[in-house]
Amino acid sequence: MWGGRFARAPAEIMEEINASVDFDKRLAEDDIRGSLAHVEMLAATGIITKTNAARIRQGLETIADEIAAGVFTFSRALEDVHMNIEARLFELIGPVAGKLHTARSRNDQVATDFRLYIRRMIDGLDAGLAELQGNLVAQALAHAETVMPGFTHLQNAQPVTFGHHLLAYVEMLARDRGRLSDARARLNECPLGAAALAGTSFPIDRKQTAAALGFARPMANSLDAVSDRDFVLETLAAATIAAVHLSRLAEEIVLWTSPAFGFLALSDRFTTGSSIMPQKRNPDAAELVRAKTGRIAAAFQSLVMVMKGLPLAYSKDMQEDKEATFAALDALALMIAAMAGMVADMKANPERLAEAAATGYATATDLADWLVREKGLTFREAHHVTGRIVACAEARGVALDALTLEDMRAIDKRIDQGVFDVLSVARSVKSRKSYGGTAPQNVRKMAQTWQKRLEKEKVRR
Ligand code: ARG
């Protein structure tokens, strides 16, 4: 492509370090889309003739078909996806192919391709996250009343409902979707026409190409257009946070499906057996969701390192923005799909959850609150009295609601029969009606709100 200035071919090792086609062929579809928009604009502005534009368009469409059919051969000697496509265009339509690169550089070309790629990946991730949210909401609705232990420090804290716990993830995923959608809105500007770095002397129409590619507007500064990858960083940051959320849910699934907890069973479709221990049901998919989070965080970190010392405008360093990003976004899509499957199929064990919810004196706070509300103790005083009652239950080896009234009155005379109203787990969760609290009526309402919201989104999509 630049043979004019060079007398000798590149060293083999040069080709190996320099060529990106092995991975950036992933951008082929976006590259052709960008070229089609560019060639239309070149014709509309009279920079090339309509006849030549039509020949180039036909050639590009043939190439798109070849790529889709898997019969296109990418060659390392041609360095990257852009030059592979241009070389093939030359084979197909002859020297007129050389007009396509008028008023364009690979620098604005690759920036455009990558934005198109990230944009469609974000759309796919968003749809996957919405599906996962839907599956969580369905389980939440089915388990609005199922009690379980709520934990802090992984110690039994206060009873909650299983539905409430699942809806916490629905909220997290909503913010993940928000972050991805913010990134999408910010990246949706078109670098094409920035050329190598300074713009071009040809009378191009950047608004036309931007619109043709579905971008909101052309990028305002040619140097910025070819030299920043903040849109990739922002997407990877959002992806990392989403992965962390999935990883935490995965961790809970791993814990809860362990017989030591017995809260949850995954379906056969999402478990594996052991080659030696016949009784085993391993939550491999959940474990891998947890583990793959590492490579997404690493992709973010890796690109931060690539970018941090680069002077404006383009440097070849930026070619290293792609491999890890492709792998990270693929991993996230797979994690979301696996999690959606696990959540749809999983079966909670309400008896076991209720049993666990009742252990660990989980209604102690309810007792303290009752002493404040009904008997006028200060909260600190009530905390102390309750602590002594818990110690008494522990000494007797019974739950709070199995203590006798005499046991409790021996600690504080003000306690009466009414106390038993608040000591059961079911009453405890039912009483947590404050906005955002765990009461079954809240959970049902919130799950229904989410169902409607997700349904509406689906219609829009
Ligand atoms: N393969 C290159 C990349 O991914 C395309 C841009 C090359 N530009 C250049 N001036 N060598 O970054």
Side-chain angles (χ1 to χ4, degrees), residues 1-6 9-11 13-35 37-38 60 63 67 72-90 97-98 100-121 187 190-200 209 213 219 221-233 235-236 299 302-330:
M1 290 285 166
W2 45 73
R5 171 111 176 49
F6 288 72
I13 214 73
M14 176 59 193
E15 188 177 299
E16 187 158 341
I17 193 170
N18 198 39
S20 55
V21 69
D22 290 345
F23 51 87
D24 69 15
K25 62 182 174 202
R26 178 86 187 253
L27 298 175
E29 135 190 7
D30 306 295
D31 195 68
I32 290 173
R33 233 189 122 187
S35 288
H38 185 64
L60 288 170
I63 296 172
I67 291 168
F72 188 96
T73 33
F74 289 99
S75 150
R76 248 199 201 178
L78 292 164
E79 205 179 308
D80 59 22
V81 64
H82 323 292
M83 301 219 286
N84 269 268
I85 289 173
E86 199 178 322
R88 178 68 184 138
L89 190 63
F90 194 91
L100 170 61
H101 213 54
T102 313
R104 184 177 81 169
S105 150
R106 278 187 295 157
N107 295 350
D108 58 338
Q109 191 178 353
V110 73
T112 305
D113 293 2
F114 210 21
R115 278 174 196 259
L116 290 172
Y117 157 83
I118 297 274
R119 199 176 67 184
R120 65 186 163 83
M121 285 306 283
L187 72 76
C190 190
L192 199 59
L197 74 164
T200 175
T209 41
L213 295 170
M219 290 185 76
N221 182 296
S222 62
L223 291 166
D224 176 42
V226 294
S227 69
D228 207 354
R229 293 294 181 265
D230 61 346
F231 64 100
V232 190
L233 286 172
T235 302
L236 288 174
S302 144
L303 187 54
V304 166
M305 290 298 117
V306 167
M307 297 305 296
K308 67 174 264 306
L310 296 186
L312 304 192
Y314 178 86
S315 298
K316 195 60 174 260
D317 307 54
M318 281 154 67
Q319 179 166 286
E320 290 285 311
D321 60 358
K322 292 177 202 66
E323 265 178 297
T325 303
F326 293 153
L329 299 186
D330 285 347

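When a ligand or atom number is given, it counts from 1 through the structure's own listing order.
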Looking only at protein heavy atoms, identify the closest one to atom 12 (O) of ligand 1 and say how far it is in Å. Y314 OH, 2.4 Å
Does the side chain of L27 come within less than 4.5 Å of F326's, by heavy atoms? yes
Separation between CG (L89) and CD1 (I85), nearest 0.5 Å, reads 9.5 Å
Would you say Q109 contacts ligand 1, with heavy atoms under 4.0 Å as the rule? no
Please could you name the atoms of ligand 1 that K322 approaches to less than 4.0 Å, counting only its heavy atoms? 3 (C), 4 (O), 12 (O)
Could you tell me the residue and atom name of the protein heavy atom closest to atom 1 (N) of ligand 1, and the distance to it rounded to 0.1 Å? Q319 OE1, 2.8 Å
Under 4.0 Å between heavy atoms, the region of E79 that gets near ligand 1 turns out to be neither
Look only at the side chain of D108 and the backbone of A195, and say whether a donor-acceptor pair between them is shorter than 3.5 Å. yes
Nearest protein heavy atom with distance in Å, relative to atom 9 (C) of ligand 1: N107 OD1, 3.4 Å
Please report which non-hydrogen protein atom sits nearest to atom 5 (C) of ligand 1, along with the residue it belongs to and the distance in Å to one decimal place. D80 OD2, 3.6 Å
Is the closest basic N to carboxylate O distance between K322 and D113 below 4.0 Å? no
Side-chain contact, heavy-atom cut-off 4.5 Å: V232 with M307? no
For atom 11 (N) of ligand 1, the protein heavy atom that lies nearest, with its residue and separation: R106 NH2, 3.5 Å
One thing to verify: whether R106 and E86 come together as a salt bridge, which I'm taking to mean a side-chain N less than 4.0 angstrom from a carboxylate O. no
Using a 4.0 Å cutoff against the non-hydrogen atoms of S20, which atoms of ligand 1 qualify? 1 (N)
L116 side chain near R33 side chain, heavy-atom distance below 4.5 Å: yes
